Visitor: 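Have a look at the structure that comes next, please.
The model shown is predicted, which means the values in this text are computed figures rather than measured ones. For the numbers below, each heavy atom of this structure counts, side chains included, while hydrogens, waters and symmetry mates do not. Chain letters run A, B, ... following the sequence lines, proteins first and then strands; every chain starts at 1.
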Amino acid sequence: MGVRRLRGRLDGSAGRAGPPTVVLVATALLAGLGLAACGSGSGSGSNALTWYINPDNGSQAKLAAECTAQSNGAYKITTSILPNDASTQREQLLRRLAADDSSTDLMSLDPVFVAEFAQAGFLQQVPEDLKADFTADTVQPAIDASTWKDKLYAAPFWANTQLLWYRKSVAEKAGLDMSKPVTWAQIIAAAKAESKTVGVQANRYEGYTVWINALYAGAGGSMVENPTAKAEQIKLGIAGPAGTAAATVISGLAKSGVGGPSLSTEDEEAARALFQGDTGGFMVNWPYVWSAANEQAKDVVPDIGWTRYPRTEADKTSRPPFGGIELAVGAASKHKDLAFEAAKCITSTKSQIEYMVNSGNPAARNAAYDDAAVRKAFPMADQIRASLATAAPRPITAYYGDVSLAVQDGFHPPSKVDPRTTPEDTQKYLLEVLKGDALL
Amino acid sequence: MSTVTEPAPTQAAEPRRARTTDRARQERSLGWKLAGPAFVVMLAVTAYPIANALWLSLFDYRLTDPTNRRFVFLKNYVVILGDPIWWRAVGVTLLITVITVVVELVIGFGLALVMNKALSLIRPVLRTVILIPYAIITVVSAFAWQFAFSNTSGFVNDWFSFLPGISETTDWFGGFWSSLAVICASEIWKTTPFISLLLLAGLAQVPEEMQEAAQVDGATWWQRMYKVTIPNMKAAIMVAVLFRTLDAFRVFDNVFIMTAGAQGTETVSLLAYRQTITRVEIGMGSAVSVLLFLCVVLISFVFVKGFRINLAQARGEG
């Protein structure tokens, strides 16, 4: 760990600088610091596993307890909660992993970070004998996101995708037939005609990349064309017809004023608040909004409808965003075998069903969607499963962090997006960043 | 340390060196033993990281790609200084610094005058009340201001919607100037107490006799302020301005919480954070940090040499 390494260096410099008393005092002081820093870390014992989880409603901690009980003392999982959003979760995990922290036995990893971590050698490859078990009956994008250079580095745990949520009354008034695929242009026009809003995620954060990437994929493009290449050799597809189509949707939505009063700072929760409010019309968002609406806005629930993610172009099937969590084992963990055993328990179909019902987050295995309890909690289960099957993951590259930040920068704020210049400028800028010739 | 045998070591060191007694030597050695650990710790926690950052800034080094670490000498600095993003960040930082320091100085001076004139009975209470914002953690105050100005959960739009330009749906964090206004307001609210306390110390140093003499000579309140009070507390004012300028130039928390650099509000500290922590480009991030450090050194130098501030005098030691 970092603390231990620092302590070693300090001892050395103190030895040169002064008399022995100084060394003693300094060492005692720093040893105290070191102990204090390490004391609160991982659990003790040879079979203790630490699972770093993204914050949820306690359902992961519940699974940890159940798997611990099932293991009959083989291992004991304690959970440690990571920061709120995906980007800061990555920052914290990355610092631990780069310092070879042996407490990172298991981690709940956003799919976009698997490639970066695997390339850096931070993740333990899934053993051959577990591969089939981890990927059986699992939706393809989740397997793709857990794989880097043809090797499996994580177990798909839950798989997320976005749906188009709409207020039935608004769609009806606008004359939109929601049983057929709709385009972004259609819902923007409908919302404008009815003076309602279209909730999206356009704050300068990861969620904005999710939206932009789905628009690109929906136009048949991809932002990175050779994702496994080295930084200097990466070819981008940000400029071009797909970019123009994506930028046209964003700028059209911003200019028509249907994005709500705070479009440029809107995240998932802001979009949900807008959608549940008086001006709510349409919204793209993850399925958790359904359980959230059932808890907080019961009066609007009967008016809420859902369908497949809107099309970027009228003649191309939409590609909904892909999200979720993959379960990975740290390369520096001292109990890799036990960690994989625990991962097997946590990602089993039974656990995934339980997690889906308890947390509202969709499972990665297809069978979960046939479960009675799941179907009761998620009337749109079939739609989620169908969307997941054709969902488009964000670029699976080791430089995803830079790609995402540059795209967010280039396309923000939405009102300044110009289909003629924004995609091209963003591509040029990102290429410079990847070559190390520009700041980000 | 005892000062019986060595009353004034700095002034009298030369003539006494020849006849240093055993006792004095022992005391000097004891002095080193007592201060040594602190000195070593200071070296370890300040000098070492600075030197290490200087060293790392010469590399192309990404934490997730340690095998491709390359020595690039000054290339990182060339890239940064030739990048409009850097200059924009410097501009925004300077803007925030100038706005906040000027406003804080004016309000802080007013508060200091009030505290100075307040009855001795309520002075301690007043001082405590004024200090409350300064006691709040910046991140917490940043969140409080963000929530207050939010157009979904905040109350500011609701309360001030009678003013032109503010409505129920005004998105404060949706534009550069409105974001900057909230960021600066939060900074000012939080650190004005600091400036006012430093100025209060300066006010207390202005001799009462001079004020009385000026009053007897028929000087008005303004004349006394300009000709007696302010010239006599110049050192305190400059120290307050210097400390706050250095502080403001490193502004991070408020921007990080409220906009995270969106709407063009990225400051130099945020830029360093983004390169080092988010992108884990250790080389580039270290170079930004070194440049930030140099800016701070430059500001201190300009203040200390340019305005001839005597820090010792300001503390009442001169």
Visitor: Does any backbone or side-chain atom of A:Y429 lie under 4.5 Å from a heavy atom of chain B? Answer side chain, backbone, both or neither.
Guide: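 For A:Y429, side-chain heavy atoms alone lie under 4.5 Å from chain B.
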Visitor: Can you tell me if B:T64 and A:Q119 form a side-chain donor-acceptor pair at under 3.5 Å?
Guide: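 The criterion, which ignores hydrogens and geometry beyond distance, is not satisfied for A:Q119 and B:T64.
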Visitor: State, yes or no, whether a side-chain contact exists between A:K230 and B:N68 at a heavy-atom distance under 4.5 Å.
Guide: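 In short, these two side chains touch, coming nearer than 4.5 Å.
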Visitor: Can you tell if the side chain of B:Q263 reaches within under 4.5 Å of the side chain of A:R204, non-hydrogen atoms only?
Guide: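 No, their side chains stay 4.5 Å or more apart.
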Visitor: What's the separation between atom OG1 in A:T265 and atom CG in B:N151, rounded to the nearest 0.5 Å?
Guide: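 The OG1 atom of A:T265 sits 6.5 Å away from the CG atom of B:N151.
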Visitor: Going by heavy atoms in the side chains, are A:R95 and B:I277 under 4.5 Å from each other?
Guide: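 Yes, side chains in contact.
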Visitor: Measure A:L405 against the heavy atoms of chain B and call it side chain, backbone, both or neither at under 4.5 Å.
Guide: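 Both parts, backbone and side chain.
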Visitor: Take a 6.0 Å sphere around NZ of A:K149 and say whether it holds more than 12 heavy atoms from other residues, nucleotides or ligands.
Guide: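 Atom NZ in A:K149 is crowded, with more than 12 foreign heavy atoms closer than 6.0 Å.
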Visitor: For A:A438 versus B:D83, what's the shortest heavy-atom pair and its separation?
Guide: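 What the structure gives for the nearest pair is CA-OD2, 3.3 Å.
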Visitor: With heavy-atom distances below 4.5 Å as the criterion, would you say the side chains of A:D437 and B:K75 are in contact?
Guide: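 Yes. Closest side-chain heavy atoms under 4.5 Å.
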Visitor: For A:F122 versus B:L63, what's the shortest heavy-atom pair and its separation?
Guide: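 That closest heavy-atom pairing would be CZ-O, 4.1 Å.
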Visitor: Quick check on A:Y399 against chain B: is it the side chain, the backbone, both or neither that has a heavy atom closer than 4.5 Å?
Guide: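 The side chain, not the backbone.
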Visitor: Should we say atom OH of B:Y77 is surrounded by more than 12 heavy atoms from elsewhere, each under 6.0 Å from it?
Guide: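 For B:Y77, atom OH is crowded (more than 12 foreign heavy atoms under 6.0 Å).
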Visitor: Does this structure show an ion pair linking B:R274 with A:D409, if we count only N-O contacts that are shorter than 4.0 Å?
Guide: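 Judged by the 4.0 Å cut-off on N to carboxylate O distance, B:R274 and A:D409 do form a salt bridge.
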Visitor: What residue, out of B:R62, B:E168, B:E281, B:E266, has the most heavy-atom pairs lying under 4.5 Å from chain A?
Guide: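 When all of B:R62, B:E168, B:E281, B:E266 are compared, B:R62 has the most.
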Visitor: Got a sec: does the CZ of B:F73 have more than 12 other heavy atoms crowding it under 6.0 Å?
Guide: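 No.
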Visitor: Of all residues at least two apart in sequence or in a different chain, which pass the salt bridge (charged side-chain N to carboxylate O under 4.0 Å, His left out) check with A:R90?
Guide: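 For A:R90, the residues satisfying salt bridge (charged side-chain N to carboxylate O under 4.0 Å, His left out) (neighbours in sequence not counted) are A:E116.
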Visitor: Keeping the roles fixed (side chain from B:R279, backbone from A:D402), state whether a donor-acceptor pair exists under 3.5 Å.
Guide: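 No, B:R279 side chain to A:D402 backbone: no donor-acceptor pair under 3.5 Å.
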Visitor: Using non-hydrogen atoms and a 4.5 Å limit, figure out which bit of B:D60 sits close to chain A: side chain, backbone, both or neither.
Guide: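 No part of it gets close to chain A.
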Visitor: With side chains defined as the heavy atoms from C-beta onward, is the minimum distance between B:Y273 and A:E91 less than 4.5 Å?
Guide: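 Heavy-atom side-chain distance check passes, below 4.5 Å.
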Visitor: For chain A, find which of B:L271, B:V79, B:V280 contributes the most heavy-atom pairs closer than 4.5 angstrom.
Guide: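 Most heavy-atom pairs under 4.5 Å with chain A: B:V79.
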Visitor: Taking atom NZ of A:K416 as the centre, does the number of heavy atoms from other residues, nucleotides or ligands within less than 6.0 Å exceed 12?
Guide: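 No.
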Visitor: Under 6.0 Å from the CG atom of B:L294, do we count more than 12 heavy atoms belonging to anything else shown?
Guide: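 Yes, CG of B:L294 has more than 12 neighbouring heavy atoms, counting only those of other groups under 6.0 Å.
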Visitor: Who among A:G436, A:A270, A:G401, A:S87 has the most heavy-atom pairs with chain B under 4.5 Å?
Guide: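 Most heavy-atom pairs under 4.5 Å with chain B: A:G436.
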Visitor: What part of B:A260 gets within 4.5 angstrom of chain A, counting heavy atoms only: side chain, backbone, both, or neither?
Guide: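 Backbone only.
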Visitor: Is there a side-chain contact between A:S264 and B:D171, using heavy atoms and a 4.5 Å cut-off?
Guide: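 Of all side-chain heavy-atom pairs linking B:D171 with A:S264, at least one is under 4.5 Å.
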Visitor: Checking B:T152 against chain A: side chain, backbone, both or neither under 4.5 Å from a heavy atom?
Guide: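 For B:T152, no heavy atom lies under 4.5 Å from chain A.
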Visitor: So with a 6.0 Å cut-off around CZ of B:F293, is the heavy-atom count from everything else above 12?
Guide: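 No, not enclosed.
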Visitor: Does any non-hydrogen side-chain atom of B:V288 lie less than 4.5 Å from one of A:L439?
Guide: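 Touching, per the 4.5 Å side-chain cut-off.
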